[in-house]
Amino acid sequence: QVQLVESGGGFMQTGGSLRLSCAASERTFSTYRMGWFRRAPGKEREFVAGMTWSGGSTYYADSVKGRFTISTDNAKNTLYLQMSSLKPEDTAVYYCAAGYGGSWNWINTRMYKYWGQGTQVTVSS
């Protein structure tokens, strides 16, 4: 069973930084598309950032562009989300996800086959 395990969430004040990690259980993710999503209280799950595990272009929601950076460490089978200049509206449960297939749509949650359990990020004003 393939697993994704997030870590690194926590409590931070406005303007602070956090780095989320997503450890993959096996190396088969090398051809997968990886995404970070978040769900704020009372809202739908939304796309935050995405990239192909092997590298290349990265994709960001407008709300986090310039503040968040997605990256991978192939040696550690780990996906990261570096979050800077945090705002209270970034408060959410953050999930990593993996998927594959043609006609890829980064923001569509149904494209992703595997999901982590989520990690809470809380930003105070």
Side-chain angles (χ1 to χ4, degrees):
Q1 179 72 19
V2 175
Q3 289 186 326
L4 299 172
V5 180
E6 301 99 334
S7 61
F11 182 89
M12 181 57 63
Q13 293 185 330
T14 296
S17 298
L18 281 174
R19 188 178 76 163
L20 305 183
S21 300
C22 173
S25 61
E26 54 186 77
R27 299 187 67 83
T28 55
F29 284 112
S30 62
T31 60
Y32 277 55
R33 292 176 174 89
M34 307 298 297
W36 284 100
F37 287 76
R38 66 186 182 188
R39 176 178 283 166
K43 295 187 177 181
E44 297 290 321
R45 190 174 300 193
E46 64 173 0
F47 172 79
V48 175
M51 67 178 294
T52 301
W53 186 278
S54 58
S57 298
T58 55
Y59 305 87
Y60 297 94
D62 287 343
S63 59
V64 306
K65 201 171 293 183
R67 300 189 298 122
F68 290 10
T69 302
I70 187 173
S71 63
T72 59
D73 184 330
N74 291 333
K76 296 182 178 179
N77 274 10
T78 301
L79 175 75
Y80 298 103
L81 184 68
Q82 178 68 48
M83 306 185 296
S84 302
S85 301
L86 284 164
K87 305 175 181 180
E89 51 263 44
D90 294 320
T91 295
V93 177
Y94 284 72
Y95 302 87
C96 66
Y100 58 88
S103 301
W104 189 257
N105 183 339
W106 289 100
I107 70 172
N108 187 344
T109 59
R110 289 175 292 181
M111 301 292 290
Y112 296 83
K113 182 176 182 180
Y114 302 106
W115 290 84
Q117 82 290 349
T119 185
Q120 176 71 45
V121 172
T122 303
V123 184
S124 68
S125 57

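Count residues from 1 along the sequence.
Within the 4.5 Å cutoff, the side chain of Gln82 has no heavy atoms near those of the Phe68 side chain. A heavy-atom distance below 4.5 Å is found between the side chains of Arg67 and Lys87. In this structure, the side chains of Tyr94 and Met83 come closer than 4.5 Å at one or more pairs of heavy atoms. Arg45 is listed as a side-chain neighbour of Tyr95, based on a closest heavy-atom distance under 4.5 Å. In this structure, the side chains of Tyr80 and Trp36 stay at 4.5 Å or more apart for every pair of heavy atoms.
A search for ring-ring contact (aromatic ring centres under 6.0 Å, His included) contacts involving Phe47 returns Phe37, not counting sequence neighbours.
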Met51 and Thr72: CA distance, side-chain angles, deciding distance, side-chain contact (heavy atoms from CB on, under 4.5 Å) verdict: CA-CA 9 Å; Met51 67 178 294; Thr72 59; 3.9 Å; yes
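In this structure, OG on Ser21 lies 8.5 Å from NZ on Lys76, to the nearest 0.5 angstrom. Atom OG1 of Thr14 and atom CG of Leu86 lie 8.0 Å apart (nearest 0.5 Å). The CE atom of Met34 sits 5.0 Å away from atom SG of Cys22, with the distance rounded to the nearest 0.5 Å. In this structure, Leu18 CG and Met12 CE are separated by 4.5 Å, a value rounded to the nearest 0.5 Å. We find the CG-OG1 distance between Leu20 and Thr78 to be 12.5 Å, quoted to the nearest 0.5 Å. Within the model, atoms OG of Ser71 and CG of Leu79 stand 7.0 Å from one another, a figure rounded to the nearest 0.5 Å.
Trp104 and Tyr59 fall within the same hydrophobic cluster, defined by Ile, Leu, Val, Met, Phe, Trp and Tyr side-chain heavy atoms under 4.5 Å apart, directly or through other members.
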With a cut-off of 3.5 Å and sequence neighbours excluded, list every side-chain donor-acceptor pair involving residues 116-125.
residue	atom	partner	partner atom	Å
Gln117	NE2	Glu6	O	3.2
Gln117	NE2	Glu6	OE1	3.4
Thr119	OG1	Gly9	N	3.2
Gln120	NE2	Ala92	O	3.4
Gln120	NE2	Thr122	OG1	3.3

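Between Tyr112 and Trp106, the ring planes lie tilted relative to each other; the angle falls in the 30° to 60° range.
Side chain of Arg33 to main chain of Ala97: no donor-acceptor pair is present (N/O by atom type, distance under 3.5 Å, no hydrogens or angles). Of the possible polar contacts, one joining the Ser25 side chain to the Gln3 backbone as a donor-acceptor pair under 3.5 Å is found.
For the salt bridge (Lys or Arg N to Asp or Glu O under 4.0 Å) condition, the pairs that include at least one residue of residues 34-43, sequence neighbours left out, are Arg38-Glu46, Arg38-Asp90.
When all heavy atoms of Val64 and Val48 are compared, the pair lying nearest together is CG2-O, 3.5 Å.
A ring-ring contact (aromatic ring centres under 6.0 Å, His included) with Tyr100 is found for one member of Trp53, Tyr32, Tyr114 and no other, namely Tyr32.
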